[in-house]
Amino acid sequence: MNHKDTDFQAFSHQILLWYSLNPRELPWRGTKNPYKIWLSEIILQQTRVAQGMPYYYKFVKNYPTVEDLALAPEEDVLRLWQGLGYYSRARNLHTCAKYIHFELGGKFPETYAELLKLKGVGSYTASAISSFAFGEAKAVVDGNVFRVLARYFGIETDIASSRGKKEFEALADQLIPKDQPGEYNQAIMDFGSRQCTPTNPDCGICPLKQSCFAYTQNLVKDLPVKIKKLKIKERHLHYYIIKCGEDWVWKKRGSGDIWEGLFDFPVLEKEKPNDSLQFEPLDGKEFEQIDKKYRHILSHQKLNATFSKVEIPSKNYQKLADWCEERGFILVNEEKIDYLAKPKLIVNFLNDQGI
DNA sequence: AACGCGGGGTG
DNA sequence: CACCCAGCGTT
């Protein structure tokens with residue numbers, strides 16, 4: 001493959017031409033506000049535009065500036081992020097907002113190199129912000145760009161490998177027009193999203209088909225190459241709903257597992273579904289098993305969850321409170337459950353309970 | 001270099 | 001069911 005500069009220019013020109021005729025209308029387009037661009041990019045990491053859109057609106061409304069976000073409690077930020085997944089994004093977002101507001105005097109970093117230092121901002125996001133907000137000629141390489149470049153230039157390197165990432169980023173940086181980097185970055189992502197789609201692209205109407213390696217070699221289905229080795233773990237969780245009056249026992253999840261920082265209940269995990277469950281007696285009250293079984297699919301885990309509940313007499317409230325204190329559990333009034341950031345599985349369960 | 005981290009859409 | 005999505009941090 002010997003692609004000369006003229007080939008690169010022709011490619012970029014075609015991408016920009018296609019984009020001028022087929023732009024997506026998106027709420028974060030047209031702004032140069034680095035805060036809003038950053039917000040949108042974090043939300044869109046591994047997330048479809050349609051899924052992220054309502055969250056972008058919620059965040060801009062609740063936190064119009066980086067200062068508003070910096071001054072918010074982390075639990076509020078996580079609650080607003082509830083349901084979007086990859087919750088470290090929300091925690092890092094908040095960490096960075098505080099850093100920018102309190103340490104940088106509210107001045108948003110303006111270069112690729114500086115942006116890259118922000119937690120949760122990697123090469124893709126730093127390129128996006130620096131090109132969209134500040135006109136820096138750093139090329140974005142997301143899932144769309146991997147696909148478009150792999151097909152058009154016939155690159156068979158595994159896009160999941162670090163070597164592939166470097167190779168594609170180097171190529172992308174050669175392709176980006178220095179005079180309109182932001183426009184080009186938007187263009188190639190839209191092109192990948194709407195024309196050069198993962199499956200069944202309509203190559204017949206593609207303006208780049210004559211010079212596309214994959215199309216001319218009939219390899220569209222084979223590119224890009226992505227070697228996946230995701231091993232899915234099956235887990236069996238048994239949750240305990242412990243109520244006393246109007247209060248429920250909740251547990252804030254810690255690090256080293258899914259849903260860090262979110263709230264669920266005391267839980268026992270079974271290695272096998274038929275292992276017997278033991279839970280220390282509370283006032284000798286029996287737990288009542290809830291019939292419905294919940295299956296919750298994550299990208300890397302399959303969760304099987306069951307729930308039992310027990311009602312503790314109000315006269316033993318203080319005893320229960322002490323019991324919680326020792327174990328890092330908290331008592332939350334039913335009226336305030338809505339304010340807790342919860343995993344989707346727990347939200348589903350509560351909906352079934354009429355909460 | 002390999003792995004963990006959500007939830008939802010699509011064929 | 002498998003694959004993918006405006007990826008990143010940790011080990």
Side-chain angles (χ1 to χ4, degrees), chain A residues 24 26-29 36-56 78 81-93 95-96 115-129 131-132 138-148 158-166 168-169 172 182 184-194 196-201 221 224-233 235 253-262 264 295-303 341-348:
Chain A
R24 276 190 293 189
L26 300 172
W28 45 84
R29 287 230 168 120
K36 290 185 178 175
I37 292 169
W38 169 60
L39 184 57
S40 71
E41 293 303 337
I42 301 297
I43 287 172
L44 292 172
Q45 287 169 1
Q46 291 291 284
T47 303
R48 292 169 187 282
V49 167
Q51 188 186 1
M53 190 94 73
Y55 287 83
Y56 176 77
L78 280 171
W81 199 271
Q82 175 177 296
L84 195 55
Y86 285 156
Y87 296 94
S88 65
R89 291 184 292 174
R91 299 193 305 271
N92 289 335
L93 197 69
T95 300
C96 290
L115 289 160
L116 202 51
K117 296 177 184 171
L118 299 176
K119 267 201 162 226
V121 175
S123 59
Y124 164 78
T125 307
S127 295
I129 301 171
S131 66
F132 299 158
K138 286 294 291 181
V140 293
V141 179
D142 71 337
N144 293 307
V145 176
F146 273 124
R147 188 169 58 254
V148 172
D158 175 18
I159 64 170
S161 69
S162 50
R163 200 166 66 82
K165 186 170 150 73
K166 281 182 190 166
F168 281 88
E169 285 180 349
Y184 169 79
N185 276 339
Q186 304 271 19
I188 191 169
M189 287 194 286
D190 272 18
F191 180 79
S193 156
R194 304 178 73 176
C196 196
T197 52
T199 57
N200 303 322
K221 286 204 311 299
V225 174
K226 184 176 185 179
I227 301 170
K228 51 190 183 316
K229 37 205 165 237
L230 185 65
K231 56 169 186 283
I232 308 236
K233 189 164 54 172
R235 297 174 69 175
R253 295 185 63 88
S255 59
D257 201 352
I258 54 175
W259 303 327
E260 180 181 348
L262 274 62
D264 61 2
R295 187 164 172 84
H296 191 73
I297 309 296
L298 307 181
S299 57
H300 55 302
Q301 297 185 11
K302 293 183 193 300
L303 305 178
K342 302 167 289 293
K344 188 66 163 62
L345 167 64
I346 301 301
V347 172
N348 291 342

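Side-chain atoms are counted along with the backbone in the values below, which use heavy atoms only and exclude waters and symmetry mates. Sequence lines set the chain letters: A, B, ... in the order given, protein chains first and strands last, and positions in each chain run from 1.
Residue A:Lys233 has no polar side-chain atom (N or O) positioned under 4.0 Å from OP1 or OP2 of B:dC3. Between B:dG7 and A:His296, a contact under 4.0 Å exists linking OP1 or OP2 to a side-chain N or O. Distances shown here put a side-chain N or O of A:His300 below 4.0 Å from the OP1 or OP2 atom of B:dC5.
Atom-to-atom, CG of A:Leu84 to P of B:dC5 comes out at 17 Å; the value is rounded to the nearest Å. One interatomic measurement links the two molecules: CD1 of A:Ile43 to P of B:dG8, which rounds to 16 Å at whole-angstrom precision. Distance CD1 (A:Ile297) to C1' (B:dC5): 16 Å, rounded to an integer number of Å. If you measure from atom CG of A:Asp257 to atom C1' of B:dG6, you get 13 Å, rounded to the nearest angstrom. Spacing between atom CG of A:Leu93 and atom P of B:dG6 amounts to 16 Å, rounded to whole angstrom units. Protein atom CG of A:Leu345 is 13 Å distant from nucleotide atom P of B:dG6, rounded to whole Å. C:dA2 atom C1' lies 16 Å from atom NZ of A:Lys221, rounded to whole Å. Rounded to a whole Å, the CD1 atom of A:Ile42 is 15 Å from the C1' atom of B:dC5.
Within 4.0 Å (heavy atoms only), A:Gly52 reaches no atom of the nucleic acid at all. Heavy atoms of A:Leu230 sit nowhere under 4.0 angstrom from any nucleic acid atom.
A side-chain donor-acceptor contact under 3.5 Å links A:Asn185 to the backbone of A:Val140. At least one donor-acceptor pair under 3.5 Å links the side chain of A:Ser131 to the backbone N or O of A:Ser127. Listed for the A:Gln186 side chain is no donor-acceptor partner under 3.5 Å among the backbone atoms of A:Arg29.
Taking 4.5 Å as the limit, every side-chain heavy atom of A:Ile188 sits out of range of all side-chain heavy atoms of A:Asn144. Put simply, the side chain of A:Leu115 does not reach to within 4.5 Å of the side chain of A:Thr125, judged on heavy atoms. Side-chain contact between A:Trp38 and A:Cys96 is present, with at least one heavy-atom pair separated by less than 4.5 Å.
The side chain of A:Thr199 has B:dG11 as its nearest neighbour among B:dG8, B:dC5, B:dG11.
Rounded to whole Å, the separation between the P atoms of C:dT11 and B:dG6 comes to 15 Å. The gap from the C1' atom of C:dA6 to that of B:dC3 amounts to 22 Å, rounded to the nearest Å.
The nearest heavy atom of DNA chain B to A:Trp259 and to A:Lys231 marks one nucleotide each, and the one closer to the 5' end goes with A:Lys231. Summary of the strand contacts: A:Leu298 and A:Asn200 both lie near DNA chain B, and taking for each the nucleotide with the nearest heavy atom, the more 5' one is attributed to A:Leu298.
Applying the side-chain contact (heavy atoms from CB on, under 4.5 Å) test between A:Lys302 and each of A:Arg235, A:Lys233, A:Arg295 identifies A:Arg295 as the sole match. Of the listed residues (A:Tyr56, A:Tyr55, A:Trp81), just one forms a side-chain contact (heavy atoms from CB on, under 4.5 Å) with A:Ile42, and that residue is A:Trp81.
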- request: Determine, for nucleotides 4-11 of chain C in 5'-to-3' order, which nucleotides have protein heavy atoms under 4.0 Å from the base (write B), from only the sugar-phosphate (write S), or from neither (write -).
  value: BBBBSSS-

